[in-house]
2 protein chains.
Amino acid sequence: MDDLNVTSDKRTHNWLDTLRSSGYRLTEPRQAVIDILAKSQRALNATEIFDLAREEYPSLGLVSVYRTLEKLEELELIQKVHHPDGCQSFIAGFTGHQHLLICQVCGQTEFFEGDDLAPLIEHVSRESGFTIEEHWLQFFGLCAKCK
Amino acid sequence: MDDLNVTSDKRTHNWLDTLRSSGYRLTEPRQAVIDILAKSQRALNATEIFDLAREEYPSLGLVSVYRTLEKLEELELIQKVHHPDGCQSFIAGFTGHQHLLICQVCGQTEFFEGDDLAPLIEHVSRESGFTIEEHWLQFFGLCAKCK
DNA sequence: TTGATAATGATAACCGTTTTCATTACGCGG
DNA sequence: CCGCGTAATGAAAACGGTTATCATTATCAA
């Protein structure tokens, strides 16, 4: 638990730095949103972030959540998570786009490498005549705790 | 072009049969929506289907488009397509869930097999402790015509 | 052909997101 | 450390896509 907190504190710090060096101000509403996202193990939508962040910073407005999400996504600090029940949730990304493994019960999300995809991409590309430039890969299942 | 039409006519016929045998009535609004989807090579959203179908069947209501999409999806005749710019488009599926290859310029969509995924799933599963039950895979790129 | 009822289209309601705008507070320059 | 320009904020209203309501229509089994 301590490890997680250290990690999320570091992440919060890095995000604030990135915001500053991109010319954005460090405001309390932004920090409130960032605190929540930096330590979440699952994807959250605007309303969920709003509710959680308000516990610490009650004057937060929902609009600021939307605006902060916009900027964090633009800076590639978070990424949108597509899910059968909606596609408006966000999760912290370590290094830009990554592949996700999502627990269908608790929502806990992990990242994984998908290098093994190269041959498949090669094969599909040759077969279809397409030039493949991007790919999305997500796995859904049950995490160790939920099964 | 003739081949495409024959195929889409067959598909239309199959869909209408499936609707009937599931206890749904065969109505003109439904046929109008199905005609459009059965022959489209790219994913369409409700408004696009509405506009296209109205060219042939002008009294069609938008609500019927939504209701028909609901039923076709439930019967697994169409599937939702997730895209960076929205996740409310649908395309005809051949056999339930399949992997998609989408042209970023014209939207033309093809299906491909992803059997090569098995080893990756196995590996991620062992590493993470998850039981993996479902996966999503999509490729984006440029089709032969658009590149 | 008839009748029960599934399905329709028009309208209004709904809800998540965006826009507007007067007010606040961040952070640079002095 | 203070004051000022302006980015950022929160409240409220607007917006747009989807869903619910309801009187009317049309499908299809008997």
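Throughout, a chain's letter reflects where its sequence line sits, starting with A, and its residues are numbered from 1.
- Atoms CZ (B:R67) and P (D:dC22) sit 14 Å apart, rounded to a whole Å.
- Picking from C:dA10, D:dT9, D:dG17 the nucleotide with the shortest atom distance to the side chain of B:V63 gives C:dA10.
- The interatomic distance linking B:E73 (CD) with D:dT18 (P) rounds to 13 Å, in whole Å.
- The residue among B:G23 and B:R54 whose nearest nucleotide of DNA chain C lies closer to the 5′ end is B:G23.
- Under the 4.5 Å side-chain criterion, counting only non-hydrogen atoms from C-beta, A:L142 is in contact with B:E133.
- Rounded to an integer number of Å, the gap from CG of B:L60 to P of D:dA26 is 14 Å.
- In this structure, B:K71 places its NZ atom 12 Å from P of D:dT19, rounding to the nearest Å.
- In this structure, B:K80 places its NZ atom 16 Å from P of D:dG17, rounding to the nearest Å.
- At a threshold of 4.5 Å between non-hydrogen side-chain atoms, the residues A:R20 and A:L16 do not count as touching.
- With A:F90 as reference, A:L69 is the one residue of A:N45, A:L69, A:L44 to meet the side chain to side chain contact (heavy atoms under 4.5 Å, CB included) rule.
- OP1 or OP2 of D:dT18 has at least one side-chain nitrogen or oxygen of B:Q88 nearer than 4.0 Å.
- Here the C1' atom of nucleotide D:dT9 and the CZ atom of A:F50 are 13 Å apart, to the nearest Å.
- One can place CD of B:E70 at 13 Å from C1' of C:dA7, the figure rounded to the nearest angstrom.
- The 5' end of DNA chain D is approached more closely, in terms of each residue's nearest nucleotide, by A:S64 than by the other of A:S64 and B:Y66.
- Contact annotation: the side chain of B:Y24 approaches that of B:R30 to within less than 4.5 Å [non-hydrogen atoms, C-beta and beyond].
- Between C:dA10, C:dT8, D:dG10, one nucleotide has an atom nearer to the side chain of B:R30 than all others, and that is C:dT8.
- Within the 4.5 Å cutoff, the side chain of B:L117 has heavy atoms near those of the A:L117 side chain.
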_Counting primed atoms plus P, OP1 and OP2 as sugar-phosphate and everything else as base, spell out the protein contacts along nucleotides 23-29 of chain C at 4.0 Å heavy-atom distance: B, S or - for each nucleotide, 5' to 3'._
--BBS--
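- Taking only side-chain atoms of B:L62, from C-beta outward, the nucleotide of C:dG9, D:dT18, D:dA11 with the closest atom is D:dT18.
- By the 4.5 Å heavy-atom criterion applied to side chains, A:L100 and A:F111 are counted as neighbours.
- Atom CD in A:E48 sits about 11 Å away from atom P in C:dT17, given to the nearest Å.
- Counting any heavy atom pair closer than 4.0 Å across all strands shown, B:S59 reaches sugar-phosphate atoms only and no base atom.
- Contact annotation: the side chain of B:L52 never approaches that of B:D35 to less than 4.5 Å [non-hydrogen atoms, C-beta and beyond].
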